[in-house]
Participant: 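My structure is below; once you've seen it, I'll send some questions.
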Amino acid sequence: SMSIEHVLPQTWMTNWKLPDGRACPADKVGLDKEMVAAISSREGLLHTLGNLTLITVPGNTAASNSAFKEKAPWLKQSLLALNLDILDQTSWDEVEIRNRADRLADLAVKVWAYPAP
C-alpha cells in the first residue's frame with residue numbers, strides 16, 4: 001500500500017534548516033525579515049508536485065519529519081521510478097523542489113498528449 005509523502009515534511013522546522021543555514025524556531029518568535037520570506041517561500045512549496053511523491057505506508061510513518069538523508073532509504077525502498085530523481089540529490093531544498101516540479105510537468109505533457117487547438 002502506498003501513501004503520499006512530503007519529501008520536505010510538513011513540520012520541517014525540527015530537522016530542516018532554512019536555505020541560509022539558520023534553524024527556524026518552532027515557535028517562530030524573533031524572526032527577521034529574511035527568515036519570514038524564506039519560511040513563506042518554503043511553506044508555499046510544501047504541497048506542490050515537486051515536493052510530493054509516493055512511498056509505502058510503513059515508510060511514510062518511519063520517514064515522517066526526518067532529515068533528507070534519513071528519508072532517502074525509505075524512498076529507495078519504494079522501488080518507484082518516481083523517486084529516482086529525488087535519490088540522485090545530495091540535499092533537498094526549494095531549488096530542487098522547483099526543478100523536480102518542472103521535470104515532472106514536462107514529462108506529464110509528453111505522456112498525456114492533448115489535442116491540438
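All values below were derived from every heavy atom in this structure, side-chain atoms included, with hydrogens, water molecules and symmetry-related copies excluded.
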Participant: According to side chain to side chain donor-acceptor pair (under 3.5 Å), who are the partners of Thr48, at least two apart in sequence or on a separate chain?
Facilitator: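 Thr48 satisfies side chain to side chain donor-acceptor pair (under 3.5 Å) with no other residue.
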Participant: Provide the full list of side chain to side chain donor-acceptor pair (under 3.5 Å) pairs with a residue in residues 17-28, sequence neighbours left out, each pair given once.
Facilitator: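 Passing the test, one end in residues 17-28: Asp20-Arg22, Arg22-Asp32.
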Participant: What are the two closest non-hydrogen atoms of Met35 and Ala23, and how far apart are they?
Facilitator: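 It is CE-O, 3.5 Å.
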Participant: Quick one: pull up CG in Leu54 and CG in Asn83 and give me the separation to the nearest 0.5 Å.
Facilitator: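 Here the interatomic distance stands at 7.5 Å.
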Participant: Testing the basics here: between Leu49 and Ala105, what is the closest heavy-atom pair and its distance to 0.1 Å?
Facilitator: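 Of all heavy-atom pairs spanning Leu49 and Ala105, the closest is CD2-N, 4.3 Å.
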Participant: What distance separates Glu5 CD from Thr53 OG1, expressed to the nearest 0.5 Å?
Facilitator: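 If I round to the nearest 0.5 Å, the distance is 8.0 Å.
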Participant: Atom CG in Leu18, atom CD in Glu94: separation rounded to 0.5 Å?
Facilitator: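 Those atoms lie 7.5 Å apart.
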Participant: Counting only N and O atoms by type, is there a donor-acceptor contact under 3.5 Å from the side chain of Asp93 to the main-chain atoms of Glu96?
Facilitator: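 Yes, Asp93 side chain to Glu96 backbone: donor-acceptor pair under 3.5 Å.
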Participant: Could you check Leu104 against Leu82 for side chain to side chain contact (heavy atoms under 4.5 Å, CB included), going step by step and ending with a plain yes or no?
Facilitator: CA-CA 9 Å; Leu104 290 173; Leu82 177 66; 4.1 Å; yes
Participant: Which value, rounded to the nearest 0.5 Å, describes the distance between Arg103 atom CZ and Arg98 atom CZ?
Facilitator: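 Here the interatomic distance stands at 13.5 Å.
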Participant: Return yes if some donor-acceptor pair links the side-chain N/O of Lys76 with the main-chain N/O of Leu87 below 3.5 Å, else return no.
Facilitator: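 Not a single qualifying donor-acceptor pair exists.
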Participant: Work out which heavy atom in Pro9 is nearest to a heavy atom in Ser66; give both atom names and the distance.
Facilitator: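 For Pro9 versus Ser66, the nearest heavy atoms are CG-O, 4.2 Å.
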Participant: Apart from Val111 itself, what residues make up its hydrophobic cluster, given side-chain heavy atom links below 4.5 Å?
Facilitator: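 Members besides Val111, by chain and number: Leu107, Trp112.
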Participant: Mind checking whether Ile86 and Lys71 have side chains closer than 4.5 Å, heavy atoms only?
Facilitator: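 Side chain of Ile86 against side chain of Lys71, heavy atoms only: no contact under 4.5 Å found.
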Participant: Heavy atoms only: give me the nearest Gln89-Phe68 pair and the separation to one decimal.
Facilitator: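 Gln89 and Phe68 have their closest heavy atoms at O-CE2, 3.5 Å.
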Participant: Would you check if the side chain of Asn51 reaches a backbone N or O of Ile97 as a donor-acceptor pair within less than 3.5 Å?
Facilitator: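 Such a contact is absent between Asn51 side chain and Ile97 backbone.
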Participant: Which atoms form the tightest heavy-atom contact between Trp16 and Val7, and what is the distance?
Facilitator: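 Nearest pair, atom of Trp16 first, then Val7: CZ2-O, 3.4 Å.
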Participant: Calculate, to the nearest 0.5 Å, the distance between atoms CG and CG belonging to Leu8 and Leu45 respectively.
Facilitator: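 Spacing of CG (Leu8) from CG (Leu45) equals 8.0 Å.
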Participant: For Arg100 and Leu52, indicate whether the former's side chain and the latter's backbone hold a donor-acceptor pair under 3.5 Å.
Facilitator: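 Checked: pair present.
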